[in-house]
Amino acid sequence: MTGTDSPAVRSLFSADGRLPAIPRKAARREQLLAHLAGALFEADRSYSEREVNDTLRTVHDDYPALRRFLVEAGHLVRPQDGSSYRRAA
């Protein structure tokens with residue numbers, strides 16, 4: 001079990017594997033974002049915005065907020081033109 005697959009992170013998800021709400025507390029949200037980046041996005045692969053959206057939509061309906069949080073926290077990076085996304089190293 002990794003630090004991003006902790007009981008605290010697992011407790012954020014419903015039985016069907018979806019996220020009912022994005023945590024408001026920064027530390028809890030950071031745990032979630034680290035988990036999502038590692039679980040949903042491969043290292044060394046570029047993703048289009050549509051691919052990122054489709055992937056995040058499988059977890060939570062507010063995928064734009066999750067995408068923004070992942071970028072702001074540095075888990076996903078994108079070039080200045082926003083043409084693609086990559087998981088941060």
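Note that the structure is predicted; figures quoted are calculated from it, not measured. Residue numbers run from 1 in the order of the sequence given.
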If you measure from the Lys or Arg side-chain nitrogens to the Asp or Glu carboxylate oxygens, is any gap between Arg78 and Glu49 under 4.0 Å? no
I want to check something: taking the side chain as every heavy atom from C-beta on, are Leu70 and Leu56 in contact at a cut-off of under 4.5 Å? yes
Nearest 0.5 Å please: distance from the CG atom of Asp54 over to the CG atom of Leu40. 12.0 Å
Is the shortest side-chain N to carboxylate O distance from Arg45 to Glu51 below 4.0 Å? yes
Nearest heavy-atom pair of Pro20 and Leu12: which atoms, and what distance? CD-O, 3.1 Å
Heavy-atom closest pair (Gly74 atom, Ala88 atom, distance to 0.1 Å) is O-CB, 3.0 Å
Let me confirm one number: the OG1-OH distance from Thr58 to Tyr63, rounded to the nearest 0.5 Å. 12.5 Å
Would you give the length of the straight line joining atom CG of Leu32 to atom CG of Leu19, rounded to the nearest 0.5 angstrom? 5.5 Å
What heavy-atom pair brings Tyr85 and Val71 nearest, and what distance separates the two atoms? CE2-CG2, 3.8 Å
Is there a side-chain contact between Val59 and Phe13, using heavy atoms and a 4.5 Å cut-off? yes
Approximate separation, where rounding is to 0.5 Å, of Thr55 OG1 and Leu36 CG: 11.0 Å
If you take all heavy atoms of Ser11 and Ala8, which pair is closest and at what distance? OG-O, 2.7 Å
Tell me every residue that passes side chain to side chain contact (heavy atoms under 4.5 Å, CB included) with Arg86, counting only those two or more places apart in sequence or in another chain. Asp44, Ser46, Val77
Specify the closest pair of heavy atoms between Pro23 and Arg28, including all atoms of both residues, with the distance to one decimal. CB-CG, 3.8 Å
Distance in Å, Arg29 CZ paired with Ile22 CD1, rounded so as to fall on 0.5 Å steps: 8.0 Å
Per side chain to side chain donor-acceptor pair (under 3.5 Å), His75 is matched among Glu30, Arg87, His35 by Glu30
